[in-house]
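Please read the structure below before turning to the comments.
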Amino acid sequence: MVNVCPEDNTEAIDQSSFWDENGLHWDYHRIGWAISGGCALITLIITIFSVLGHARHYYVRSEQRQIIRILYMPPVFAIISFFSYRFFRSYTYYSLVEVIYESFVLSAFLLLIIQYVAQTAASRTAEDALARKDKTKLPIPVRPTSSKLLVTHLFPVLLPSIPPN
């Protein structure tokens, strides 16, 4: 016996609010709304305290600016996930915002790493820190010119994704 969801994903089903004509109606979708909304709210509260802690002790501006940008990632994802669950027919638009913010946070993380590396240089610039870095050859199986690279690294990754005939 196959379990079938009792509701179809059609426009005829009204999922616009928690309340219906008989009061509070708890179906599976509305329970999911409550859980995802509660988790988004908890994430937002935790992030507010973390960001306020950095904002109160804002001494290393170039680093903490990037840290605060990274700290905003969980609530942005939580709120977008809630809206994606709540308004599931418009998920495509929310996922676009999610991807754009993810790239923004990755660039902030890269800038933060560059700031950390730049602090180790005498002149406090990233260029000087990278210039004094010792250049060493990679081990034999990792060299890009090695013929073993394809066999040892790429095949184990690619083979599970090839469908059988």
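Keep in mind it's a predicted model, so treat the numbers as computed, not measured.
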Output the rest of the hydrophobic cluster of Ile42: all Ile, Leu, Val, Met, Phe, Trp and Tyr residues reachable through side-chain heavy-atom contacts under 4.5 Å, sorted by chain and number.
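Its cluster partners, ordered by chain and number, are Ile46.
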Taking the hydrophobic residues Ile, Leu, Val, Met, Phe, Trp and Tyr, and joining any pair whose side-chain heavy atoms are under 4.5 Å apart, which ones share a cluster with Ile45?
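Besides Ile45, the cluster holds Leu41, Phe49.
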Residue list, ring pair (Phe, Tyr, Trp, His ring centres under 6.0 Å) with Tyr93, at least two apart or on another chain
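Applying ring pair (Phe, Tyr, Trp, His ring centres under 6.0 Å) to Tyr93 gives none.
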Check ring pair (Phe, Tyr, Trp, His ring centres under 6.0 Å) between Tyr101 and all other residues, then give those that pass, not counting sequence neighbours.
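Here the qualifying residues are Phe104.
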Which residues pass the side chain to side chain contact (heavy atoms under 4.5 Å, CB included) test with Leu112, sequence neighbours left out?
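Checked Leu112 against side chain to side chain contact (heavy atoms under 4.5 Å, CB included); matches are Glu63, Gln66, Ile67, Ile70, Tyr116.
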For Phe83, does the CZ atom sit with more than 12 other heavy atoms under 6.0 Å from it, leaving out its own atoms?
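Not more than 12 within 6.0 Å, no.
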Which atom pairs, one a donor and one an acceptor, fall under 3.5 Å between side chains of residues 53-62 and the rest of the protein, sequence neighbours left out?
{"from": "His54", "atom 1": "ND1", "to": "Gln64", "atom 2": "NE2", "distance (Å)": "3.4"}
{"from": "Arg56", "atom 1": "NE", "to": "Leu52", "atom 2": "O", "distance (Å)": "3.4"}
{"from": "Ser62", "atom 1": "OG", "to": "Gln115", "atom 2": "OE1", "distance (Å)": "3.2"}

I need the minimum non-hydrogen distance between Phe82 and Ala40, along with the two atoms involved.
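Heavy atoms only, the tightest pair is CB-CB, 4.4 Å.
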Which residues pass the side chain to side chain donor-acceptor pair (under 3.5 Å) test with Glu102, sequence neighbours left out?
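None.
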So which pairs with a foot in residues 72-84 pass side chain to side chain donor-acceptor pair (under 3.5 Å), sequence neighbours left out?
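Matches after skipping sequence neighbours: none remain.
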Any pair with a residue in residues 35-44 that passes side chain to side chain donor-acceptor pair (under 3.5 Å), sequence neighbours left out, goes on the list, sorted by first then second residue, please.
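Of all non-adjacent pairs touching residues 35-44, none passes side chain to side chain donor-acceptor pair (under 3.5 Å).
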Can you hop from [X] to [Y] via hydrophobic side chains spaced under 4.5 Å?
X: Leu106; Y: Val76; result: no
X: Tyr91; Y: Trp33; result: no
X: Ile48; Y: Ile79; result: yes
X: Phe109; Y: Ile68; result: yes

Can you tell me how the ring of Phe87 sits relative to the ring of Tyr94, calling it parallel under 30°, perpendicular over 60° and tilted otherwise?
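Answer is tilted, since the angle falls between 30° and 60°.
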